[in-house]
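Each remark here refers to the structure printed beneath this line.
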Amino acid sequence: MLGLDILIENWQILLKALGYSLLVSLFSFILGFALASLFTVVRLFSSFKVPKWAVRAYVETFRGTPMMVQLFFIYYASPAIGINLSPFQASVIAFALNSAAYQSEYLRAGLMSVPKTQYEAAESLGLSKWGAVFSVVLPVGLRASLSSLGNEFVALFKYSSIASFVTLPELFYVARYIAAGSFRYLEMYTVLAIIYVVIGFALSKTFRKVERFFYVPGLMD
Amino acid sequence: MGEVIKVDGVWKYYDGRAVVKGISLEVNRGDRFVIIGPSGSGKSTLLRMMNLLVRPDKGKIFFEGVELTSPKVNPVEYRKKIGIVFQHYNLFLHMTVMRNVMFGPVKVKGMKLDEARKVAEAALDSVHISRALWDKYPSQLSGGEQQRVAIARALAMEPEVMLFDEPTSALDPELTGEVLQVMKELAKKGMTMVVVTHELGFAASVASRIAFIDSGEVVEEGTPKEILFSPKKERTRAFLNRMWELYRIEPEW
C-alpha cells in the first residue's frame with residue numbers, strides 16, 4: 001500500500017529522526033523560554049533605558065531575518081571564533097535564539113494584559129515591586145501567554161526540519177535520504193507529512209491539557 | 001488619642017494640572033474620617049497618597065509620626081500597617097478567596113501556612129463570608145462578596161488604619177448594604193478608618209469627622225452634624241443639596 005511498506009521498512013530510523021526533531025524543538029523551546037523571560041522582565045520592569053533598547057533591537061533582528069540564515073550563521077561562523085558546534089548544538093542554539101524573540105513577544109503581551117490594579121493591590125499589602133511582579137503579575141500573565149507559547153512549540157517542531165540543512169539527521173533529513181535512495185519521493189514525503197500532522201496534533205492536544213491544568217475561572221474568559 | 005495619619009500641605013499634579021492643592025489633615029486613632037466631594041475633586045488621589053500608592057509632588061505624609069515621603073523611608077515597610085480597599089475590589093484573580101486573604105500574612109509577614117489560614121478564617125468570618133465560598137475564585141462571587149473578601153484581605157494584615165476608596169461605588173444598590181454593614185461593624189470595633197464615599201447615610205451614622213473636598217481643596221471639615229446638617233460654606237451647601245436631591249422620595253400615594 002502507498003507508503004505503508006516504506007514506513008515498515010524504515011520505522012527505526014524514522015523513529016530516531018523523530019526523536020531528534022522533538023529534542024531540538026524541546027531544548028530550543030526551553031532555552032528560548034528562559035531567555036525570553038529575562039528579556040520580558042527587562043523590557044517591562046527594568047528602570048534602565050539601555051537594556052530595554054538592546055532587547056528591542058534583539059527581538060527585531062531575530063524576527064526580521066530568516067531562521068535558516070540564523071542557523072547557517074551560527075553553524076558556519078562559530079568555528080571562526082574557535083567554537084566547533086555539532087549540528088545538534090548549532091540547531092538548538094539557533095532555534096532557541098530565534099524562539100526567544102517570539103516568546104518574549106508572547107510573554108510581553110500576556111503580562112501587559114494583567115491589570116495594573118492587581119499590581120497595586122499587592123503593593124498595598126506591603127509587597128516590594130519584585131515581590132508583586134513574581135507572585136501576582138507573572139502567574140496571571142503566564143497563563144495569558146500559554147496558548148501562544150503552545151503554538152510556538154508546534155511551530156518550532158515544524159521548523160526543526162531546517163536543521164536538515166546542517167546535516168542533523170532529523171525527520172526531514174532522513175526522509176530525503178530514504179526518498180533519494182529508493183526513488184519513492186511521493187510515498188516518502190506523504191508519510192513524512194502525515195508524521196508531522198499527527199505529532200503536531202498530539203503536541204497541540206498536550207498543550208490544551210496544560211492550559212486546562214492552569215485554568216482559573218474568570219481569568220481568561 | 002495619638003495621630004495615625006497626618007497629611008501636611010500635599011500637592012499633586014497630573015499633566016501640569018493640580019488635582020490636590022495643599023491639603024492638610026489629621027486622622028487620629030479611632031477616627032472614622034469620611035471624605036466627601038464631587039467626582040474629580042481629588043478625593044481618591046488624596047486617599048491613595050496616604051499609603052503612597054500616589055506620591056505627592058509637594059508636602060509630607062506621616063504615619064504614626066514617621067514621614068513616609070522622606071527619601072530615607074521605604075514606604076513598603078509601612079504599607080502592611082495601612083489597609084486599603086479599592087472601588088473595584090482588585091482581588092487577585094488567580095487565587096481562591098482563601099488564598100487571597102492568606103496572601104499578605106504569608107508573603108509579607110512570612111507567616112506559616114496553617115497559622116495564616118487561621119488568621120484568614122477569622123478575617124473571613126468577620127466579614128460574613130461563608131465557608132462555601134472559601135475555595136471559589138473571585139469571578140464566581142457577587143460584587144458585594146468580592147468587596148467583603150477584599151476587606152478581609154486587608155484585615156488579615158492587622159492594619160493600624162483602613163483606607164476605603166469608594167468601596168460601594170461599583171456595587172448594585174442592594175449589594176451596597178452588606179458592604180456598609182461590614183464597615184459599620186469594623187467602626188464599632190474601634191478600627192481607625194478613612195473612607196472616601198458618596199454614601200451620605202453612612203457618613204451621617206458612622207463618621208466621627210467629615211471633610212468636604214472640592215477642586216483639590218478641603219472646603220470644610222467638622223463633625224457629621226456640622227458638615228451634613230449645618231454647612232457654613234456655600235460650596236458645601238450646593239453639593240449637599242445635589243446629593244440630598246437623589247434621596248428625595250416623593251411617593252404618589
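Naming: A, B, ... by sequence-line order, numbering from 1 per chain.
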Review point. Does a sphere of radius 6.0 Å around CZ in A:Arg63 hold more than 12 heavy atoms from other residues, nucleotides or ligands, not counting ones at 6.0 Å or beyond?
Key: yes
Exercise for review: Kindly give the heavy-atom pair with the smallest separation between B:Lys107 and A:Leu127, and that separation in Å.
Suggested key: CB-CD1, 3.9 Å
Review point. CE/B:Met95 to CD/A:Gln118 distance, rounded to the nearest 0.5 angstrom?
Key: 8.5 Å
Point to revise | Rounded distance (nearest 0.5 Å) linking atom CZ of B:Arg79 with atom CG of A:Leu125 | key: 10.5 Å
Practice item. Give the minimum heavy-atom separation between B:Ser139 and A:Pro217, together with the two atoms involved. Key: OG-O, 2.9 Å
Exercise for review: Give a yes or no on whether B:Lys60 atom NZ has more than 12 heavy-atom contacts from other residues, nucleotides or ligands under 6.0 Å away.
Suggested key: no
Point to revise | More than 12 heavy atoms from other groups under 6.0 Å of NZ on A:Lys129 | key: yes
Study note, to complete from the structure: Counting heavy-atom pairs under 4.5 Å with chain A, the top scorer among B:Arg153, B:Glu77, B:His88, B:Lys81 is B:Arg153
Point to revise | Region of B:Phe103 that comes under 4.5 Å of a non-hydrogen atom in chain A | key: side chain
Practice item. Side-chain contact test, heavy atoms from C-beta onward, threshold under 4.5 Å: evaluate it for B:Phe86 versus A:Ser124 and give yes or no. Key: yes
Review point. More than 12 heavy atoms of other residues, nucleotides or ligands under 6.0 Å from CH2 of A:Trp130: is that the case?
Key: yes
Study note, to complete from the structure: If you tally heavy-atom pairs under 4.5 Å between each of B:Leu93, B:Asn51, B:Leu52, B:Leu163 and chain A, the highest tally belongs to B:Leu93
Exercise for review: To the nearest 0.5 angstrom, please state how far the NE2 atom of B:His94 sits from the OG atom of A:Ser135.
Suggested key: 7.0 Å
Exercise for review: Would you mind telling me which of A:Pro139, A:Ala121, A:Ala122, A:Pro115 has the largest number of heavy-atom pairs within less than 4.5 Å of chain B?
Suggested key: A:Ala121
Check your understanding: Is a side-chain N or O of A:Thr117 found less than 3.5 angstrom from the main chain of B:Asn90, in a donor-acceptor match?
Key -> no
Check your understanding: Counting heavy-atom pairs under 4.5 Å to chain A, which of B:Ile84, B:Leu91, B:Thr96, B:Asn74 comes out on top?
Key -> B:Leu91
**Study point:** Over 12 non-hydrogen atoms of neighbours within 6.0 angstrom of OH in A:Tyr20
**Key:** no
Point to revise | chain A contact via B:Tyr137 - side chain, backbone, both or neither, heavy atoms under 4.5 Å | key: side chain
Review point. For the side chain of A:Glu123 and the backbone of B:Leu53, is there at least one donor-acceptor N/O pair under 3.5 Å apart?
Key: no
Check your understanding: Counting only heavy atoms not in A:Tyr76, do more than 12 fall under 6.0 Å of its OH?
Key -> yes
Practice item. Answer with side chain, backbone, both or neither: which region of B:Arg48 has an atom nearer than 4.5 Å to a non-hydrogen atom of chain A? Key: side chain
Check your understanding: Hey, is CZ on A:Phe153 packed in by over 12 heavy atoms from elsewhere, all under 6.0 Å?
Key -> yes
Exercise for review: Inspect the surroundings of CZ in A:Phe45 and state if more than 12 heavy atoms from other residues, nucleotides or ligands are less than 6.0 Å away.
Suggested key: yes
